[in-house]
Amino acid sequence: MILHICTCKGLIDVPASPDFGSDVTVEVSECLCSKEGRAAVEASLGDDRRLVLAGCTPRILERFFGDIDSEMVNIREQGVFLGKGWDGIETMIRGGIERARAAEPVEKRERKISKKSVLVIGAGVSGLESARWLGEMGHDVVLVEEDPFVGGTVAKLDRLYPEGTPNSHTLYPLVNQVAGNDHIKVMTNTRVENVAGTVGDYRVTLRTSPRGVIECVQCGKCVPVCPESPVDHGVPRKAIFAQETYPDEYAIDFEACTRCGKCVEICPAKIDLDEPAREEEIAVGAIVVATGLRNFPIANLSAYGGGKIDRVMRAIDYERQIAAGIIAPEKVLVVHCAGSRDDNYLPYCSRVCCLIGMKEAKLTKDRFPNAEVYLSYIDMRCYGQFEYLYRTLRDQAGVVFLEGRPSEIFERGDRVVVRTEDIQSGEYLELEVDYVVLATGFEPDRETLAMLGLPSDLDFPYGYTGTTLSPDSNPQGIFLAGAAAFPRGVLESVESAREAAAGAHAVLSKDVVTFRTPVPRIEAEVCASLHCRLCVPTCPYGALSVVDEEMTVDETLCMGCGICSVTCPAGANTLEAWEDEAILAEVEAVADEGSIVAFLCKWSAYNAADRAGYDRLDMPSELRVIRVPCTGRVDATMVAGAFARGARGVLIGGCYPDSCHYRHGNTRAVSRVKLLQRFLSELGVDESRLRLEWFGSNEGQKLVSVVREMSGELASVGV
Amino acid sequence: MAKPKVALYWNASCGGCEEAWVDLAEDILKVVEAVDIVLWPVAMDFKRKDIEAMEDGEIAVAFLNGAVRTSEQENWSKLLRRKAGVVIAFGSCAHIGGIPGLANFYSKDEVFDAAYGYLPTVDNPDKVEPQTSTKMPEGELELPKIWDRVCALDQVIDVDVDYYLPGCAPPPDLIMDAVTAILSGELPPKGSVLAPDKSLCDTCDRNESKPEKLQITELKRPHLTFMDPEKCFLAEGVLCMGPATRSGCGERCINANMPCRGCFGPTRDVKDQGAKFLSALASIIDINDDEAMDRVLDSLPDPAGLVYMYSLPTSLLRGRVPEKKREKAKVS
């Protein structure tokens, strides 16, 4: 084994010839991060050789040596800066050496980007925008749309905000740029049936259902003869129909079609009511998911008359009926937060419904200036430019805002009665209106997310998108665009669609992507795989699954937190380079009688220890820091190991609640510590000797206080 | 050719491991036919001096069951180690400490206080405790010394164990497999546990009832719960050590509708069976609320006793940490 000790430009006093045993070759360097230092480290690399680098904090060392298989020992920030002499530093280095002996190297995993085309699922405004950008960058794009026409929700709407312009302003040029780009193949009536493979080489099964119209001259003769009039988002049309987007051909809605054959008879081109469905498999290197919003079903809101009273309707239906001139309201109530932020329905805020509700109010006032428009809300959330819309409605358009949720909605003749309190005036009101519009929230497209194996919270793929942690992500092949990730308005959908296109472009431009995250290794001889599966649900990223009866880690999803390794009671799953044995070996090398062993999360508490070093705080010398990826990685074995070496106390330090880098590693640590405290007290270790604390990266002083408290407190319980 | 000599000995054990030999049923005849039993205190009359008189290594195999706590057990273990070519730790107690190992939750003094003092069935007003030597008119009587800690067989200094045959008690098929392997000389690497490497879940019939996402919201104790004989215990909230325990037992407890208590010990790479199970348990308890978590944990009055029911002496802490400095627990 080769140990490089850095003096950090003379900050660290290293004795003339430090001795770490006959099998450890020691090289002392002035500055490992310098060109010469880096060259020396490179030169000492050999097959199967694990290096120990003792110098400054891994925060800096990883910048230069992140790709080199090594254990890093932080003898600057947490050594000399915290007042340690050579004895203390020597112990730290021994810990690193023992850890290096027990640890397996991080395997460098590569995936070839063998397929250079990209699949975009969903041709709503987001899918169109992603496809447009990818096409312009020269990538071959397959854009699939379940409906017979592209355009998605936006194509059905009257107008889009924040501009308030008709949808044509946005959609028509966009559709033309997509349909006119030879790199983009648009497949309508097409669903994704299955996705296999991984980044660089996804195998996608597509199923195209019959359109019925084989050749079309757009004469429109088929429409008047069609006897069926299904309602499409509030507005009736015929079972054979067209939409002003793309393709410029009619299509048959086979759910409504009765196959009477009248259209076939009159058609001068070709209609085939028995056109078969087609399946095909394509291979792509990356996927953009743009499957958009799912309206929360108003039938679930029967307390508001949803699904019971015809004049209580969804925002989109109301908007389309006004736009189509089907209704002419004189008095309307728009109910905001209908079923939102309510544990009985949708526990979250869908964010865009406030804007949609206001849009319907504005639309009503624009078309029918004399109509009375009421709007009930619990909180108005009008961020950014939408504040102007709110003010316009309130101050100029005369829309009446009522604070409070309606208590009762029922029919009286052909009118709808709403009983509600206006908290602002303290009055109870009974309004008799023509229509009630429910501004409901939105649900995710669970089916597609599940098919792609994307992890979700509240069913939305939070951990996969909408995170500030992007540089610490693995190279992914799947990108979420628009409202598929979370309810988004058109503006944000379009922006995120460009972001998704940029992500796909970054992957497709490479020949190979490399995964450097340590992943758990599964010992197949020990793992009961299919029959145990305890680890599977603990992964925050859905990276574990049973493939061909063996537990398998998808390194394209794994982020290396090690929470699953802690969960494996058979020891068959262990995070490479952070194995139980390796961490325990370090614990056993550094812990001694009276020490305080601190397992510090590398994202927060470990940095707090560095901070304490920069501030030269007076840290008790008993502290022995063990760097871990997450508090969720700390196993009872490691804690027991520390106490078995005579540790006075064990501290587990991580990120504050709800701010775990790996989403919920720290909450798992909470329950583990509670259980461990009870367990340890039975074994004669007072529960105050095991402590879990949260730290911000700058809370060096807090760390010092906690460690001091632990030594002080513990002295009083007679240990 | 002379038949290989075999010794069967018991240390701190309940006698169940002796029964295990009898459970071989007619197979025991094959064993008796193939080997020459030179020691079996429970069934045959041999003396210690008979063994002492043997050459070192003369016995082909010694099967030792039971944990080690007394000087007598220590001496017998060392003697048999010298005389036998192969030493097999037979059963949970010799393998990982077993039920007698639970005494490591208490000091020797506390054990004596209970056993010879305050227990309701004890009538000992003068608080007489066993002495290693007692002078009587007829002469001096000696009793073995009782050590502070219970040990598994391989924790006794100078007793190097070749193989481990796990279980409380080891099941007949594994015993026969071991005997056959020894007789044929086809033995696995030294130090192996003669049982499968996978955890018990691998062979458990209740797998199919295990939900995709196993998460526990309450803990139920077997004697206070109706347990569905078809369903995964953990999924029902009944703690089952199966996932943390080596398989090979034949699911005797599971088939009797009782959860696993870990007698086969940990799987291959695990240092501390109880700590590993505890870590896993904390991951699958699906409660975020502090008070609710406390309530759930209150329903588990003795977590350490449960997870270390069989393995306390071989855990990292090896037993309750003494008030003052910890001692090195090896019997010397």
Looking at B:D272, B:L214, B:D302, which has the largest count of heavy-atom pairs under 4.5 Å with chain A?
B:D302

Quick one: does A:L683's side chain get under 4.5 Å of B:Y308's, heavy atoms only?
yes

Flag the one option from B:S279, B:S315, B:A244 with the top tally of heavy-atom pairs under 4.5 Å to chain A.
B:S279

Give the member of A:D635, A:L676, A:V639, A:T538 that has the highest number of heavy-atom pairs under 4.5 Å with chain B.
A:D635

Go through the atoms of A:A524 and report whether side chain, backbone, both or neither lie under 4.5 Å from a heavy atom of chain B.
backbone

Does any heavy atom of chain A fall under 4.5 Å from the side chain of B:D298, the backbone, both, or neither of them?
both

So what's closer than 4.5 Å to chain A heavy atoms on B:P266: side chain, backbone, both or neither?
neither

Are B:F277 and A:F679 an aromatic pair, judged by ring center distance below 6.0 Å?
no

CE of B:M309 to CD1 of B:I96: how many Å apart, nearest 0.5 Å?
11.5 Å

What part of A:S565 gets closer than 4.5 Å to chain B, counting heavy atoms only: side chain, backbone, both or neither?
backbone

With under 30° as parallel and over 60° as perpendicular, where do the rings of B:Y164 and B:H95 fit, or are they tilted in between?
tilted

For A:C568, which atoms come within 4.5 Å of any heavy atom of chain B: side chain, backbone, both, or neither?
backbone

Chain B shares the most heavy-atom pairs under 4.5 Å, among A:L530, A:V566, A:V536, with A:V566

Measure the CD-CD distance between A:E588 and A:E581 for me, rounded to the nearest 0.5 Å.
11.0 Å

Are A:V650 and A:L680 close enough that some pair of their side-chain heavy atoms sits under 4.5 Å apart?
no

Identify whether the distance between the nearest side-chain nitrogen and carboxylate oxygen of B:D202 and B:R246 falls below 4.0 Å.
no

Below 4.5 Å from any heavy atom of chain B, which atoms of A:L584 appear? Answer side chain, backbone, both or neither.
side chain

Part of A:C532 within contact of chain B (heavy atom distance under 4.5 Å)
both

